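Comments concern the structure below.
Note that the structure is predicted; figures quoted are calculated from it, not measured. So that the names make sense, note that chain A is the first sequence line, chain B the second, and so on, each numbered from 1.
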2 protein chains.
Amino acid sequence: MYTRAEENYLKCIFHLEQEHKGAVATNAIAQMMSTKASSATDMIQRLADKELVSYRRYKGTTLTKSGIAVAVAVIRKHRLWEVFLVEKLNFQWDEVHEIAEQLEHIQSEELITRLDKFLDHPDYDPHGDPIPDKDGNIKKTEKKVLSEMSKSQHGILVGVRETSGEFLQYLDKRNIAIGTKIKVLGKEFFDGSMIIQVKREQFFISKKIAENLYIQV
Amino acid sequence: MYTRAEENYLKCIFHLEQEHKGAVATNAIAQMMSTKASSATDMIQRLADKELVSYRRYKGTTLTKSGIAVAVAVIRKHRLWEVFLVEKLNFQWDEVHEIAEQLEHIQSEELITRLDKFLDHPDYDPHGDPIPDKDGNIKKTEKKVLSEMSKSQHGILVGVRETSGEFLQYLDKRNIAIGTKIKVLGKEFFDGSMIIQVKREQFFISKKIAENLYIQV
DNA sequence: TACTATTTTTAGCTTAGTCTAAAATAAGTT
DNA sequence: AACTTATTTTAGACTAAGCTAAAAATAGTA
């Protein structure tokens, strides 16, 4: 089995590799892990020794097959626990991330199999992210970042990129949740801000907000 | 907060102190923690620095007020998770110990508060052990070890001392569970073995088995 | 009481994971 | 091409937790 730290690095590299496509910079990893580049280098080298990543000095890191398998298994656990926390324990969607960060490292195949069943095999977590199946397959949803949509286009919110409490509370305050219908009423070229329609209300959102909302058109 | 290892040592010392009443020997701790006496000494000294235990060289260890508080909080979490695993995820009572050993270290007050509510504030775990309340109070059940009972006494099984899979499976095989009525039909002085009545069956049990069953008379 | 055996502690080494500071490499700019 | 800046790696040190082997204290016995 792998240590907590190893699992966290693998998960982190997985997410970065998804976003930017291609080898991941050491600095990017260090930043996301809230640690120093030297520590990241250290861990990357250990992961490379175990053939969980392939790594060339100064060139960046990518996950190997087995690295991906470990990362996806952790992500599956994380998202299943998030569903549990929200559906069964009635947590708000902005409160669950930190706890799931801990729960995702519990080691027991059987536990996850049973949890999955108990939750009735959910496909998505409370933030709209797909839950990998037992074999590591992830449903690809063709979603669009709201900031890339243009005037008068519309769709429903299927996911969020940021999962920080502040951001999710911002959405709650405006009654925006997974499944909410959103329409772009206007878009400002200068700063990328938008005016959107949500239910019967319309309001202004900054580019930063728009970049963190995933829409299915 | 405390590390996993610190929490495990505190829990271990708590259990040993309960059993033998009085200061706990370093060797006893090392043995229960499956580690070496030198490692135990090391950790005990660290715990003493943090005032979680009081310790005098060569004399043994006892928990302080704050040490007890930490230990009891961990035990509360452990037992609540065991209830969850058995009641909600349908694990057998012999399968849950190891998983609960991991879950007991998840840090979140709120999580435990909600889990407790979700489980409808259980008083006992699946092995019959009382679950400490939020403030660390533990229900004292006046129970007797079966091996100390004498011929023709009877009572119901309210707890087990051993929680290993083999032992619990042994009980399952003989249809003995928490709540089962047990009567002592005979007792052999030479080796402490017994003949007991369980429902309509009667059978022979060794002293070792009898020492691990708690009965309420 | 003195000797032996057991228990406990100390001393020194190991590994995982972190850090800082310095060196090496890559990238960007004149 | 040469110089500057940014990124990445190496070197060396630290902490938590463990280990082995040796020393010290306690307990048990002749």
Q.
D:dT10, OP1 or OP2 - any side-chain N/O from A:Arg57 closer than 4.0 Å?
A.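 So the side-chain polar atoms of A:Arg57 do come within 4.0 Å of the phosphate oxygens OP1 or OP2 of D:dT10, strictly under.
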Q. Among side-chain atoms of B:Lys187 and B:Ser147, is any donor-acceptor pair under 3.5 angstrom?
A. no
Over how many whole Å does the gap from [X] atom [atom1] to [N] atom [atom2] extend?
{"X": "B:Asp49", "N": "D:dA16", "atom1": "CG", "atom2": "P", "answer": "10 Å"}
{"X": "B:Lys36", "N": "D:dG18", "atom1": "NZ", "atom2": "C1'", "answer": "10 Å"}
{"X": "A:Arg56", "N": "D:dT8", "atom1": "CZ", "atom2": "P", "answer": "14 Å"}
{"X": "B:Glu7", "N": "D:dA16", "atom1": "CD", "atom2": "P", "answer": "16 Å"}
{"X": "B:Ile44", "N": "C:dT8", "atom1": "CD1", "atom2": "P", "answer": "9 Å"}
{"X": "B:Tyr9", "N": "D:dA16", "atom1": "OH", "atom2": "C1'", "answer": "11 Å"}
{"X": "A:Gln31", "N": "D:dT8", "atom1": "CD", "atom2": "P", "answer": "11 Å"}
{"X": "A:Glu6", "N": "C:dT18", "atom1": "CD", "atom2": "C1'", "answer": "15 Å"}

Q: For A:Glu7 and A:Val74, indicate whether the former's side chain and the latter's backbone hold a donor-acceptor pair under 3.5 Å.
A: no
Q: For the pair A:Asp191 (side chain) and A:Ser193 (backbone), establish whether a donor and an acceptor sit closer than 3.5 Å, ignoring hydrogens and angles.
A: yes
Output the single nucleotide from [options] whose closest atom is nearest the side chain of [X].
{"X": "B:Thr26", "options": "C:dT8, C:dT18, D:dT20", "answer": "C:dT8"}
{"X": "A:Asn27", "options": "D:dA17, D:dT7, C:dG17", "answer": "D:dT7"}
{"X": "B:Ser39", "options": "D:dC19, C:dT8, D:dT10", "answer": "D:dC19"}
{"X": "A:Arg46", "options": "D:dT8, C:dT10, C:dA16", "answer": "C:dA16"}
{"X": "B:Tyr55", "options": "C:dT9, C:dA24, C:dA16", "answer": "C:dT9"}
{"X": "A:Thr41", "options": "D:dT9, C:dT18, D:dT7", "answer": "D:dT9"}

Q. Centre of B:Tyr2's six-membered ring, under 6.0 Å away, within 45 degrees of the axis: is that where NZ or CZ of B:Lys50 sits?
A.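 Here B:Lys50 fails the 6.0 Å and 45° test against B:Tyr2.
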Q. Is the NZ or CZ atom of B:Lys88 positioned over A:Phe84's six-membered ring, under 6.0 angstrom from the centre and within 45° of the axis?
A.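 Negative - B:Lys88 is either too far from the ring of A:Phe84 or too far off its axis.
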Q: Could you check B:Ala37 against A:Ser34 and say which one's nearest nucleotide on DNA chain C is further toward the 5' end?
A: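 Nearest-nucleotide comparison on DNA chain C picks B:Ala37.
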Base, sugar-phosphate, or nothing for [X], non-hydrogen atoms under 4.0 angstrom?
{"X": "B:Tyr2", "answer": "nothing"}
{"X": "A:Ala25", "answer": "sugar-phosphate"}
{"X": "B:Ala5", "answer": "sugar-phosphate"}
{"X": "B:Thr35", "answer": "sugar-phosphate"}

Q | Pair B:Lys208-B:Glu162, salt bridge (Lys or Arg N to Asp or Glu O under 4.0 Å): steps then yes or no | A | CA-CA 10 Å; B:Lys208 183 159 181 192; B:Glu162 259 285 325; over 6 Å; no
Q. Any donor-acceptor pair under 3.5 Å joining the side chain of A:Ser38 to the base of C:dT20?
A.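 Indeed there is one.
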